[in-house]
J.: 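A single structure is presented below for examination.
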Amino acid sequence: MNGVARPANAAELAELLRSKSGPVRLRGNGSRADRVPPAATGTIAIELRNLATIDRLDAADFTCSVDAGLDRSTLDDELAARGVELPCAGAGTLGGLFASDPIGATMFGGASPRSLLLGLEGVLADGTRFRSGARVVKSVAGFDVHRLLVGSHGTLFAATRLHLRLRARPRAAAWFRNDALDEAGARTLFVALRGLAVPPAALHWRRDARGHTVAGCIAGRANHVAATMRAHHLREGAPFVDLHLQRTPGGEVLGGIVLPSRVPALLAAAPPDAPFLVHGGGRFEIGLSSPAESDAFVAAAPRVPCEACILLGEPARRRRGTPIDPGQSRIAAELKRALDPDGILV
Amino acid sequence: MAMLARRMRPLERSLVRLLGRERVLHSPDALLAWECDGFTVHRRRPRAVVLPESTDEVQAVVRALHDASVPFVPRGAGTCLSGGPTANADAVVVDLARMRKVLQISTEDLFAVVQPGVVNLDLTAAVHHLGLHYAPDPSSQSVCTIGGNFAENSGGPHCFKYGMTVDHVLGALVVLPDGSLARLGDAAGARAPHGLDLTGLFCGSEGTFAIATEITVRLCRDQEAVRTLLASFPTMAAACRTVSDVVAAGLLPAALEILDQATIRAVEASVYRAGYPADAAAVLLVELDGPTEVVAEEAAEVMAVFARHGALHREEASSPADRKRLWKGRKGAFGAMGRLNTDLYVLDGVVPRTRLEEALERIAAIGRKHGVVLTNVFHAGDGNLHPNISFDGRDADQTARTIAAGREILQLCVDLGGSVTGEHGIGSEKLEHVAMMYGPADLDVMARVRRAWNPRDLCNPGKVLPQRSSCAEVAKWPQMVARVLDEEHG
C-alpha cells in the first residue's frame with residue numbers, strides 16, 4: 001500500500017478522491033484487510049475512521065444516521081442507553097461492516113446489513129457526492145443505489161454516512177448451546193428452530209473436533225423465551241461469539257450460502273474433519289487444510305448446490321470461488337463501469 | 001407517424017409469429033384495458049400488448065423489440081398507483097398475467113419459486129394447508145401480482161413487523177432488455193459472499209431494469225395466534241400518541257393502522273361497512289400475532305395503552321369472521337372513497353412516526369388552503385401516510401387544486417425528514433416530486449445505475465427519474481386530464 005490517508009469528513013474525502021488518479025482502497029479501520037485480494041502497487045488506502053460521529057439517533061422512530069467510520073461498539077453503547085439496538089452481527093466500523101456484510105443474517109429472514117440500511121450519503125470515485133434512500137423506515141423513491149454498498153467492499157463508491165433501522169431491545173433473551181450432537185441431531189434441531197413461527201434471534205450450527213453444536217439466542221417476552229427453551233430442550237450457554245472460522249497455517253476458509261436441506265450434501269463434499277459453521281440466515285464457512293482441498297470443494301459445490309468463495313487464504317486466492325451467473329456478472333461489471341469508470345476503487 | 005406505421009407492421013407480424021394471433025393485441029379497442037393503471041390521470045394506449053406464457057417467450061419478444069428499437073413495459077395486474085406500468089408513446093406492453101404458475105414450494109427450506117403473474121393472495125392460498133404464508137400484503141393483494149410487487153417493492157399493513165417485498169424476495173430470473181438472461185440471488189440467500197445485492201437493487205426498480213420471469217420468495221410460518229384490536233379516539237392526536245406508546249413499550253404489532261373520521265364515515269356508508277364508531281375522530285386497528293400466551297399478554301398491554309389515551313371505544317375481534325369484519329373496513333377504505341366524488345388521488349408520503357401528529361395537522365391545513373376534500377387512512381407504525389383527495393376530474397379547477405395540494409403534502413413529508421413514496425413508487429406520477437428528495441447528482445447516479453441494466457432505455461422509459469420532457473408532462477396534468485375528458489366525453 002502506497003500510503004494511508006485519513007480524511008476528517010466527507011468533503012475532504014471527496015476532495016481527496018477528485019485529486020487522485022491512481023488506485024484507491026477504501027477501508028474503515030482495516031480490520032478486515034485479511035479478507036480482500038491484494039492491492040496493486042501504488043494503491044493508496046483511504047481510511048474513514050475519522051468520520052465517526054452519530055449525526056442523529058431517534059430511538060422513538062427506530063432510526064439513526066451515523067458516519068461510516070464510527071465504531072460499532074460506540075454506537076451499541078449509545079443505543080443500549082436508549083433501549084434500542086442494531087440487530088445484526090459483526091464488528092468494526094459501521095461502513096466496513098455494511099460494505100463487507102461478513103455474516104448476513106444470523107437467522108432466516110432476520111435482520112442483516114441488507115435489511116437495516118435505509119439509505120446513505122456517499123462519494124463516487126470522481127469525488128461526486130450523492131445520496132440514496134431515506135432516513136425513514138419506508139421509502140421506495142428512486143433506485144436503491146445504497147443497496148450496492150452491501151458486499152461491495154468499497155469498490156463501487158465510498159459511503160460516508162449511513163441511515164440505519166433499529167429495533168427495541170427485547171424484554172428477555174437467553175443464549176443456548178446444545179453441543180456434543182451428531183450430524184443428524186444437529187440438523188434436526190437447526191431445521192426445527194429455523195422453521196419456528198417466531199424464530200430465534202440468532203442461530204448457528206458448528207462442527208469442530210468436539211462434534212456438532214447448535215447455538216443461538218431466543219429473544220422476546222420472558223414467557224416465550226422460557227417456553228421455547230423448554231419445548232426444544234435448549235441448554236443455556238454463553239453467548240455465541242465465534243461467528244467466523246479461523247484459518248489454520250497453510251489452510252483456507254471458504255464462505256458461501258447454502259440451504260439447510262443441502263447442508264448434509266455440503267458436509268459430504270468436504271473432508272470429514274473440516275471445521276464448519278452455518279448461520280441461520282444461510283451463510284456458511286468451512287475450514288480446509290490446503291488450497292488443493294479448497295479447489296476440490298469449489299469444484300464439487302455446484303453438485304451440493306451452494307455458492308462459495310475463499311474468504312481467508314493467500315492474498316491472490318481470496319474471493320476466488322464458484323462461478324457467478326454470467327448475466328449477473330455482466331450487470332455487476334456494468335455497474336462498476338457506470339459508477340467508477342476509471343476503475344479507481346479497488 | 002408514417003415512418004412509425006411502416007415500422008410497426010413488420011414488428012406486429014414478428015410478434016404474432018412468436019406468440020400467435022390471440023396473444024398479440026394491437027387494435028385500438030383491444031388496448032383500452034391497458035391505457036392506465038390505478039393512477040388514472042396518466043392514460044395512454046400502448047402500441048400493442050403481448051401475453052407471453054414462459055421465460056422463453058418473454059426472451060423472444062424482448063429480443064424482437066430490442067432489434068426493432070421499440071420500447072416495452074412489463075406489467076402485472078395493473079394495480080400500481082403511480083403510472084409505472086402505463087406505456088409511454090410507442091411502447092409495447094409485456095403483460096405477464098398469464099405467467100401464473102407456482103413452480104416450486106419448499107416446506108423444509110421455506111421458499112417458493114413463482115412466475116411473475118401469480119396473484120399475491122393466491123400464493124398464500126397455495127401454501128395455506130402447509131401452515132405457511134407469503135407475508136407482504138398490499139391492499140390490492142387479491143388481484144396484484146408477485147411480479148408487480150417485486151417491481152414496486154410493495155408494502156402493506158403487515159410490513160411494519162414483517163418488512164417490505166425486498167425483505168421477502170431471495171432471488172429472480174430476469175430477462176434483460178437485450179433478451180439475455182441474468183439470475184439474481186438464490187433460494188439460499190439474496191447475495192453470495194462474492195456477489196452484490198442485485199436482487200435488492202432490482203426490487204423497486206419499477207420495471208425499468210429488466211423483466212422478472214421467475215421470482216424466489218421466502219415463506220413464513222403461520223403464527224399460533226392472531227388477535228385484532230380496535231379503538232376509537234376523540235382526536236387524531238390521541239390515536240397517533242397511542243401508536244407511539246405501543247411501539248415505545250417494545251411491542252411489535254403485526255399491523256398498526258389508522259383511519260380518520262371522514263374515512264370512517266365513507267366506509268360505514270359503503271358496502272365495506274365494518275361497524276366502526278362513526279362519531280370517532282380516528283379509529284386505530286392493531287393486530288398482534290405470535291404464540292398464544294405472548295399475544296394474550298400483549299393484547300392486555302395494548303388495551304391498557306388505549307385506555308390511557310382516552311379511547312372512546314375498545315373492542316377485540318371475537319372470531320376469525322369478526323377479525324375479517326374489522327379488516328374489511330380498512331382494506332375497503334379506498335374503494336369506499338368512491339362515494340365521495342368521481343375521482344380519487346391516493347397520496348403515499350412517509351414521515352418519521354413520531355411526527356405523524358404534526359404531519360396530519362399540517363396536511364389538514366393544506367387541504368383547507370386548497371379547498372379539497374381530504375381523508376386519511378394510513379400505516380401508522382411505519383409513518384406511511386395515504387392522504388386521499390376526492391375530486392371531480394371533469395372539473396379542471398378542482399383537478400388543479402388537487403394536484404397543488406398533493407404536491408404540497410409530499411413536500412411537507414420531505415421537509416419532516418420523510419419520503420415522497422413509501423410503497424406506491426414514482427412511476428410517471430411523481431417524476432416531478434422525486435426531485436424534492438434528491439438533487440441532480442443523486443439522480444445522475446441513479447440514471448447511471450439504470451443504464452447499467454438498460455443501456456438503450458428501452459425497458460419502461462420515462463419512469464422513475466425525471467427527464468426534461470417528462471417533467472413538463474407532469475406540470476401539465478390538468479391539461480392532460482382535460483384532454484382525456486375531451487376524448488371520453490366527446
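Just so it is clear: chains get the letters A, B, ... in the order the sequence lines come, proteins before strands, and each one is counted from 1.
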J.: Let me know if B/His424 has heavy atoms under 4.5 Å from chain A in its side chain, its backbone, both or neither.
T.: backbone
J.: Would you mind checking which part of A/Arg319 comes under 4.5 Å of any heavy atom in chain B, side chain (CB onward), backbone (N, CA, C, O), both or neither?
T.: both
J.: What part of B/Ala135 gets closer than 4.5 Å to chain A, counting heavy atoms only: side chain, backbone, both or neither?
T.: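 No part of B/Ala135 comes within 4.5 Å of chain A.
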J.: Counting only heavy atoms closer than 4.5 Å, note whether B/Ser244 contacts chain A via side chain, backbone, both or neither.
T.: neither
J.: Between the side chains of A/Arg135 and A/Glu121, is the shortest nitrogen-to-carboxylate-oxygen separation below 4.0 Å, so that they form an ion pair?
T.: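 Salt bridge between A/Glu121 and A/Arg135, a charged N being under 4.0 Å from a carboxylate O: no.
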J.: Is there a side-chain contact (heavy atoms from CB on, under 4.5 Å) between B/Lys463 and B/Ile426? Walk through the geometry before answering.
T.: CA-CA 7 Å; B/Lys463 308 290 169 58; B/Ile426 298 296; over 6 Å; no
J.: Measuring heavy-atom distances to chain A, does B/Ser82 have an atom under 4.5 Å in its side chain, in its backbone, in both, or in neither?
T.: neither
J.: Need one label for B/Glu297: side chain, backbone, both or neither, based on atoms under 4.5 Å from any heavy atom in chain A.
T.: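 The answer is both parts of B/Glu297.
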J.: Donor-acceptor check, side chain of A/Asp340 to backbone of A/Leu345, threshold 3.5 angstrom: yes or no?
T.: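 Judged by distance alone, yes, a pair lies under 3.5 Å.
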J.: Name the option with the most non-hydrogen atom pairs under 4.5 Å to chain A; the candidates are B/Val351, B/Leu170, B/Val464.
T.: B/Val464
J.: Under 6.0 Å from the ring centre and within 45 degrees of the ring axis: does the NZ or CZ of B/Arg353 meet both conditions for the six-membered ring of B/Phe160?
T.: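 No - B/Arg353 does not lie over the ring of B/Phe160 by the 6.0 Å and 45° rule.
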J.: Given side chains that start at C-beta, do those of A/Cys309 and A/Leu254 come closer than 4.5 Å, heavy atoms only?
T.: no
J.: Can you say whether B/Thr292 sits under 4.5 Å from chain A via the side chain, the backbone, both, or neither, judging by heavy atoms?
T.: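 Looking at B/Thr292, nothing touches chain A.
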J.: What pair of heavy atoms forms the shortest contact from A/Gln328 to B/Leu196, and how long is it?
T.: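 So the minimum-distance heavy-atom pair works out to OE1-O, 4.3 Å.
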J.: Please classify the contact of A/Ala333 with chain B as side chain, backbone, both or neither, using a heavy-atom distance under 4.5 Å.
T.: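 Nothing of A/Ala333, per the 4.5 Å heavy-atom cut-off to chain B.
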J.: Tell me, out of B/Val420, B/Asp167, B/Leu176, who's got the most heavy-atom pairs with chain A below 4.5 Å.
T.: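 Ranked by heavy-atom pairs under 4.5 Å with chain A, first place is B/Leu176.
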J.: Would you mind reporting whether A/Arg35 and A/Leu312 have side-chain heavy atoms less than 4.5 Å apart?
T.: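 In contact.
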J.: Angle between ring planes, B/Phe209 versus B/Trp453, binned at 30° and 60°: parallel, tilted or perpendicular?
T.: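 Geometry flag for B/Trp453 against B/Phe209: parallel rings.
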J.: Got B/Val217 and B/Tyr134 here, is their nearest side-chain heavy-atom distance under 4.5 Å?
T.: yes
J.: Looking at A/Phe108, does the NZ or CZ of A/Arg194 lie under 6.0 angstrom from its six-membered ring centre and within 45 degrees of the ring axis?
T.: yes
J.: Among B/Arg451, B/Arg450, B/Glu224, which residue forms the greatest number of heavy-atom pairs with chain A at distances under 4.5 Å?
T.: B/Arg450
J.: Less than 4.5 Å to any heavy atom of chain B: does that hold for the side chain of A/Ser132, its backbone, both, or neither?
T.: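 Contact with chain B involves the backbone of A/Ser132 alone.
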J.: Side chains of A/His163 and A/Arg56: is there a donor and an acceptor less than 3.5 Å apart?
T.: no
J.: Side chain, backbone, both or neither: which part of A/Leu156 has a heavy atom under 4.5 Å from chain B?
T.: side chain
J.: A/Leu149 versus chain B, heavy atoms under 4.5 Å apart: side chain, backbone, both or neither?
T.: neither
J.: Given a strict heavy-atom distance threshold of 4.5 Å, which part of A/Val137 is in contact with chain B: side chain, backbone, both, or neither?
T.: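 It is the side chain, since no backbone atom gets that close.
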J.: For chain A, which candidate among B/Ala441, B/Gly200, B/Gly349 shows the most heavy-atom pairs at distances under 4.5 Å?
T.: B/Gly200
J.: Check each atom of B/Leu219 against the heavy atoms of chain A and say whether the ones under 4.5 Å are side chain, backbone, both or neither.
T.: backbone
J.: Tell me, for B/Met446 versus chain A, whether the close heavy atoms (under 4.5 Å) come from the side chain, the backbone, both or neither.
T.: both
J.: So that I can tick it off, tell me whether B/Arg191 and B/Asp186 are bridged by a salt bridge, with the cut-off set at under 4.0 angstrom between side-chain N and carboxylate O.
T.: no
J.: Taking B/Asp444, B/Leu198, B/Leu252 one by one, which has the highest count of heavy-atom pairs under 4.5 Å against chain A?
T.: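 Ranked by heavy-atom pairs under 4.5 Å with chain A, first place is B/Leu198.
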J.: With side chains defined as the heavy atoms from C-beta onward, is the minimum distance between A/Leu148 and B/Asp197 less than 4.5 Å?
T.: no
J.: Find the one option among B/Leu251, B/Leu184, B/Leu181, B/Asn384 whose heavy-atom pairs under 4.5 Å with chain A are most numerous.
T.: B/Asn384
J.: Charged N to carboxylate O under 4.0 angstrom, A/Arg283 versus A/Asp101?
T.: yes
J.: With a 4.5 angstrom heavy-atom cut-off, is it the side chain or the backbone of A/Arg131 that approaches chain B, or both, or neither?
T.: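 For A/Arg131, backbone and side chain are both near chain B.
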J.: Does this structure show an ion pair linking B/Arg448 with A/Glu334, if we count only N-O contacts that are shorter than 4.0 Å?
T.: no
J.: Using non-hydrogen atoms and a 4.5 Å limit, figure out which bit of A/Arg330 sits close to chain B: side chain, backbone, both or neither.
T.: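 Contact with chain B: side chain only.
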J.: What parts of residues 111-118 of chain A touch chain B if we use heavy atoms and a cut-off under 4.5 Å?
T.: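 The list, in residue order, reads A/Arg114, A/Ser115.
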J.: Go through the atoms of B/Asp178 and report whether side chain, backbone, both or neither lie under 4.5 Å from a heavy atom of chain A.
T.: side chain
